[in-house]
Amino acid sequence: MRPGLLFTVLLATTVAAPGVHARAMPDPSQTPAPGNEQPQIPLSRAGYSPAVNYQLQCAGCHLPEGQGAPRNDVPRMTGFVGNFLRVEGGREFLVRVPGVAQAALDNDQLAELLNWILAREGMAGASTPQDAAPYTGAEVARIRATRLHNLPDARARLIQRMRDQGIAIHDGMPHDNHNNGDSQ
Ligand code: HEC
């Protein structure tokens with residue numbers, strides 16, 4: 001094929017592509033399946049408890065009890081996550097991780113969810129300091145608005161600060177993953 005013709009064919013393919021996509025969009029006159037006519041309530045307006053919000057928005061990755069999944073780089077929160085409140089910058093980190101900052105919850109609901117996760121009688125257990133102040137919606141709003149730039153580095157720094165305090169790193173992550181934690 002002559003180069004000029006090849007170019008024309010390629011150009012035509014590229015230009016034609018959006019049309020193909022447009023036709024793949026849902027049919028605007030489509031109606032909901034029978035029995036599924038009610039529009040969905042946005043999660044932030046559904047009035048669910050933190051436990052339900054956790055199951056709906058977090059457990060898919062963190063697992064139902066916060067056990068985590070090292071194979072998917074998800075650290076264990078059970079009996080560990082409260083340690084972030086023991087090091088400088090950790091309190092902010094817990095709000096800024098993408099799963100939290102980008103959850104479909106408003107600031108008050110996020111504060112409530114974090115407090116539920118961090119409760120000493122709950123998932124975080126004794127890893128949460130006894131005198132830890134609960135998050136408020138206003139605090140979450142302030143922290144959530146600033147982006148976390150380098151998550152792995154930020155996390156590794158916090159884990160190192162925990163080590164410096166003699167805190168054992170039982171986050172379930174493998175040894176080679178910056179933090180030399182346990183490998184279960
Ligand atoms: C798509 C998977 C996914 C979802 C959904 C998710 N997370 Fe995470 N979360 C992670 C991963 C992976 C990390 C480890 C840091 C990172 O790489 O983001 C993490 C880290 C965290 C941390 C910091 C703990 C640590 O040891 O680093 C907290 C707290 C947290 N998530 C809470 C939540 C909450 C609360 C929700 C639900 C509102 C949620 N996450 C939803 C994957 C997820």
Side-chain angles (χ1 to χ4, degrees), residues 41-129 132-137 139-165 167-184:
I41 303 172
L43 281 173
S44 63
R45 277 192 260 139
Y48 292 134
S49 66
V52 172
N53 280 330
Y54 177 84
Q55 295 304 332
L56 290 176
Q57 298 199 50
C58 321
C61 294
H62 286 274
L63 301 195
E65 316 284 335
Q67 315 80 312
R71 278 206 301 186
N72 294 332
D73 285 337
V74 182
R76 180 190 298 142
M77 296 205 282
T78 326
F80 180 74
V81 69
N83 286 315
F84 284 97
L85 299 180
R86 297 177 188 272
V87 292
E88 194 205 321
R91 193 172 171 94
E92 290 76 14
F93 178 78
L94 295 187
V95 178
R96 286 190 186 132
V97 286
V100 176
Q102 293 166 22
L105 296 172
D106 68 26
N107 298 322
D108 287 336
Q109 291 164 332
L110 261 191
E112 214 189 350
L113 177 56
L114 282 170
N115 295 336
W116 178 83
I117 288 171
L118 290 162
R120 282 171 61 89
E121 62 279 5
M123 200 178 280
S127 67
T128 298
Y135 284 95
T136 63
E139 182 186 9
V140 167
R142 180 176 56 76
I143 301 173
R144 194 182 191 183
T146 50
R147 197 180 272 244
L148 186 60
H149 285 298
N150 187 332
L151 195 153
D153 278 5
R155 189 174 192 281
R157 252 197 317 276
L158 296 169
I159 295 288
Q160 187 53 49
R161 282 182 196 151
M162 290 178 203
R163 280 227 171 78
D164 294 344
Q165 287 190 33
I167 296 171
I169 310 302
H170 295 300
D171 65 351
M173 302 304 276
H175 285 256
D176 57 1
N177 196 9
H178 294 297
N179 59 36
N180 195 29
D182 62 4
S183 53
Q184 298 152 39

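Both counts, for ligands and for their atoms, begin at 1 and track the order of listing. Just so you know, residue 1 is the first one in the sequence shown, and it goes up from there. Values below: every heavy atom of this structure, side chains too, minus hydrogens, waters and symmetry copies.
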*How are the rings of Tyr54 and His62 set relative to one another: parallel (under 30°), tilted (30 to 60°) or perpendicular (over 60°)?*
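Rings of Tyr54 and His62: tilted, as their planes differ by 30° to 60°.
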Can you list the ligand 1 atoms lying under 4.0 Å from a non-hydrogen atom of [X]?
| X | result |
| --- | --- |
| Leu113 | 35 (C), 38 (C) |
| Ile117 | 35 (C) |
| Ala103 | 38 (C) |
| Gln57 | 5 (C), 37 (C), 41 (C) |
| Arg155 | 25 (C), 26 (O), 27 (O) |
| Pro75 | 13 (C), 14 (C), 25 (C), 26 (O), 27 (O) |
| Phe84 | 24 (C), 25 (C), 26 (O), 27 (O) |

*Nearest-neighbour protein heavy atom for atom 12 (C) of ligand 1, which is reported as residue plus atom name and distance*: Asp73 O, 3.2 Å
*Closest non-hydrogen protein atom to atom 18 (O) of ligand 1, residue and atom name please, with distance?*
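Looking at atom 18 (O) of ligand 1, the protein heavy atom closest to it is Leu151 CD1, 3.3 Å.
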[atom1]-[atom2] distance between [X] and [Y], expressed to the nearest 0.5 angstrom:
| X | Y | atom1 | atom2 | result |
| --- | --- | --- | --- | --- |
| Asp164 | Arg157 | CG | CZ | 13.0 Å |
| Thr146 | Glu92 | OG1 | CD | 8.0 Å |
| Met173 | Asp73 | CE | CG | 4.5 Å |
| Arg147 | Arg96 | CZ | CZ | 12.0 Å |
| Ile167 | Arg86 | CD1 | CZ | 6.0 Å |

*At distances under 2.8 Å, what protein N, O or S atoms surround atom 8 (Fe) of ligand 1?*
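Sorted hits: His62 NE2.
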_With a 3.5 Å distance limit and no angle check, can you tell me whether Gln109 reaches the backbone of Ser44 through a side-chain donor-acceptor pair?_
yes
*Can you check whether Leu85's main-chain N or O pairs, donor with acceptor, with Arg91's side chain at less than 3.5 Å?*
no
_Is any side-chain heavy atom of Gln57 closer than 4.5 Å to one of Tyr48?_
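Not in contact.
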*Are any of the heavy atoms in Tyr54 under 4.0 Å away from ligand 1?*
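Judged by the 4.0 Å heavy-atom criterion, Tyr54 does not count as contacting ligand 1.
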*Nearest non-hydrogen partners of Gly82 and Leu118, listed with the distance*: CA-CD2, 3.8 Å
*Using a 4.0 Å heavy-atom threshold (strictly under), name the region of Asn53 that reaches ligand 1: side chain, backbone, both or neither.*
neither
